[in-house]
Amino acid sequence: MSASGASRQIKLGAVLTGVGGPGHFNTWLDPQIPTNASIDINWYIEQARIAEEAKFDLVFIVDSQFITANSPPHYLNRLEPLTLLSALAVSTKNIGLVGTLTTSYNDPFFIARRFGSLDVISGGRAGWNVVTSGDAGTAGNFSLDEHYDYDTRYGRALENVRVAQGLWDSYEDDAFPADRETKVFLDPSKQHTLNHRGEYYHVEGPLNLSRSPQGQPVIFQAGDSEQGRDLGAEIGEGIFTHAPTIEIAQAFYADIKSRAAAKGRNPDHVLIVPGVSVFVGDTDEEAREIERTTQLADGGFEQSLAEFGRAFAWHDFRQYDLDAPFPDDVLKYAERGFYTQAVKVVELAAAQNLTLRQVIEITSSPRRGPFVGSPETVANELQRWFDGRALDGFNIHVGHPDQFKRLIDEVLPILRDRGLLRREYEGTTLRENLGLPFVENRYTVARNAAESAQPQSASTDEQKNDVREDAAEALVSSH
Ligand SMILES: Cc1cc2nc3c(=O)[nH]c(=O)nc-3n(C[C@H](O)[C@H](O)[C@H](O)COP(=O)(O)O)c2cc1C
């Protein structure tokens, strides 16, 4: 189904953060959340099946590889995404399986192999959320003294993704006749080496794995700097982001879509799906109260202060006077961390002349989110953002089970009745369900193009090969 026009429908993801992600230190106290939720595969299977029953497009697994004692509970003790998603692949049938893997500390061959395997195991439901790692300390776990600077991080990311995509085309879709009569297992003309020599990677190929029914895994991306947005516009088919207000979300949406169009891409094939929290009550007032009490119970000043340094490469802000002006030279710590996020905090403090205490209070006190109210109110607001081109869908942060249930039972049916959500999955692959095109194998495309362009003149095998290689080269470099 097309992502545009009359049939445009809301995409839905479920972000599973077990016992509580950033800012949610006490979510795990909820008796309905097992204290080992983040490492209990049965909990993940249950959530994925609930989401699948509600016809969500995908489950979304975020990740990191560096922690301190002040990291959020889910981050302290959680499963590796690809291992986890492989278990979900055999416990579900339709829902997409999106995992986060950093390009800064994984070689593209390894990434291509792992996501390719997930894609094959799941019958074409895999997605890769491309990140570059905001936690500067990750470097210390991968034999480096220092995390990469931004240009290097994003340069590596682009090349890494291109190499992985090249490797995923190692075999054309009919490469394995596996014919017992003729004893031909592989058609060697349908196996391709990559021979990549780039700035950061040398990769020969081929990958020892055939393609899935969707051709290649879907590429998601998360990163908000200029370089991050450019990368998303270049390679992202789904963009994971924050959306604090409809105006900011609309500006982000327009920016990414126009960057993608400027790169010659179809903007409808870049879906913007920010992470959002939803609170549902019987009335708008009750929902606001649930939002306030939940945020108060899940958060806390002391823990927020301890965790506050994460964007600044875990610089410890507890050393400063809380009631003095916000320290003005801390951005240097964030240069290899979550710099974009850190800049926003520092700019806010400067613009409003805030103390450190006030900044922590602002970032940790209950805030009135946009998707809070009676089922009707929440449905209206979700629709307003969708119709207003602030986003193409929502990655719902799954926190308290009661709230996830109310969203599914009370809000989604309203949107479904308005024709904004599917009743049944459109296809069996993540691409089909997201309205994204199947990725044709580049060598098959080049072969077909060469054959139809020169049906008579290609008199020798050598000539045919030249044309094929030329076309393949053009495709590889423009892909
Ligand atoms: C919405 C969002 C989600 C992210 N999720 C992850 C994640 O799960 N794991 C990770 O290592 N980095 C994650 N990142 C970090 C980015 O990959 C990037 O390193 C960081 O945001 C700094 O780059 P930026 O300034 O371009 O945003 C996320 C970033 C954003 C904006």
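Both ligands and their constituent atoms are indexed starting at 1 by order of listing.
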**Student:** Quick one about T100 and N129 (side-chain donor to acceptor, distance below 3.5 Å, no hydrogens or angles considered), yes or no?
**Tutor:** yes
**Student:** If you measure from each non-hydrogen atom of T102 to ligand 1, which part falls under 4.0 Å: side chain, backbone, both or neither?
**Tutor:**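 Near ligand 1, T102 shows nothing, with every heavy atom at 4.0 Å or more.
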**Student:** Could you tell me the residue and atom name of the protein heavy atom closest to atom 30 (C) of ligand 1, and the distance to it rounded to 0.1 Å?
**Tutor:**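 Ranked first by proximity to atom 30 (C) of ligand 1 is A222 CB, 3.8 Å.
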**Student:** For atom 20 (C) of ligand 1, what is the nearest protein heavy atom, given as residue, atom name and distance?
**Tutor:**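 So the nearest neighbour among protein heavy atoms is F338 CD2, 3.7 Å.
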**Student:** I'd like to check which ligand 1 atoms, numbered from 1 as shown, lie under 4.0 Å from a non-hydrogen atom of G223.
**Tutor:** 26 (O), 27 (O), 31 (C)
**Student:** With atom 18 (C) of ligand 1 as the reference point, say which of V130, T132, T103 has the nearest heavy atom.
**Tutor:**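 Nearest option to atom 18 (C) of ligand 1, by heavy atoms: T132.
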**Student:** So does K11 pair up with D392, basic N to acidic O under 4.0 Å?
**Tutor:**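 Answer for the salt bridge query: no.
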**Student:** Would you call R153-D149 a salt bridge at under 4.0 Å N-O?
**Tutor:**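 Salt bridge flag = no for D149 with R153.
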**Student:** With distance as the sole criterion, is a donor-acceptor pair present between the side chains of H74 and T17 under 3.5 Å?
**Tutor:**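 The criterion, which ignores hydrogens and geometry beyond distance, is not satisfied for T17 and H74.
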**Student:** For Q32 and D402, test the side chains for any donor-to-acceptor distance below 3.5 angstrom and give the result as yes or no.
**Tutor:** yes
**Student:** Pull out every atom of ligand 1 sitting under 4.0 Å from any heavy atom of D224, numbered as shown with elements.
**Tutor:** 24 (P), 26 (O), 27 (O)
**Student:** Considering distance alone, does some N or O of Y150 sit under 3.5 Å from an N or O of ligand 1?
**Tutor:**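 The answer is yes, given that Y150 and ligand 1 share an N or O pair closer than 3.5 Å.
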**Student:** For the ring pair F394 and W385, is the centre-to-centre distance below 6.0 Å?
**Tutor:** no
**Student:** Take every heavy atom of Q227, measure it against each atom of ligand 1, and state whether any distance is under 4.0 Å.
**Tutor:** no
**Student:** Need the ligand 1 atom indices (1-based, order shown) with element for anything under 4.0 Å from a heavy-atom of V62.
**Tutor:**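 Counting from 1, the qualifying ligand atoms are 8 (O).
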**Student:** Strictly by modelled atom types, are Y253 and R389 linked by a side-chain donor-acceptor pair under 3.5 Å?
**Tutor:**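 Short answer, yes.
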**Student:** Quick one about Q303 and N70 (side-chain donor to acceptor, distance below 3.5 Å, no hydrogens or angles considered), yes or no?
**Tutor:** no
**Student:** Spell out, as yes or no, whether a donor-acceptor pair under 3.5 Å connects the side chain of R197 to the backbone of H202.
**Tutor:** no
**Student:** What do you reckon, does S133 put a non-hydrogen atom under 4.0 Å from ligand 1?
**Tutor:**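 Flag set, S133 near ligand 1.
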**Student:** Considering only heavy atoms, does D63 approach ligand 1 within less than 4.0 Å through its side chain, its backbone, both, or neither?
**Tutor:**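 The answer is the backbone.
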**Student:** Under a 3.5 Å threshold, yes or no: a donor from one side chain and an acceptor from the other, between D57 and Y425?
**Tutor:**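 The criterion, which ignores hydrogens and geometry beyond distance, is not satisfied for Y425 and D57.
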**Student:** List every atom of ligand 1 that sits less than 4.0 Å from any heavy atom of H242, numbering the atoms from 1 in the order shown and giving each element.
**Tutor:**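 Selected atoms, number and element: 1 (C), 31 (C).
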**Student:** Tell me the protein heavy atom at minimum distance from atom 25 (O) of ligand 1, and give that distance in Å.
**Tutor:** T340 OG1, 2.3 Å
**Student:** Can you pull out the closest protein heavy atom to atom 13 (C) of ligand 1? Residue, atom name and distance to 0.1 Å, please.
**Tutor:**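 For atom 13 (C) of ligand 1, the nearest protein heavy atom comes out as V131 CG1, 3.6 Å.
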**Student:** Under 4.0 Å, heavy-atom basis, I'd like to know which part of S225 is in contact with ligand 1: side chain, backbone, both or neither.
**Tutor:** both
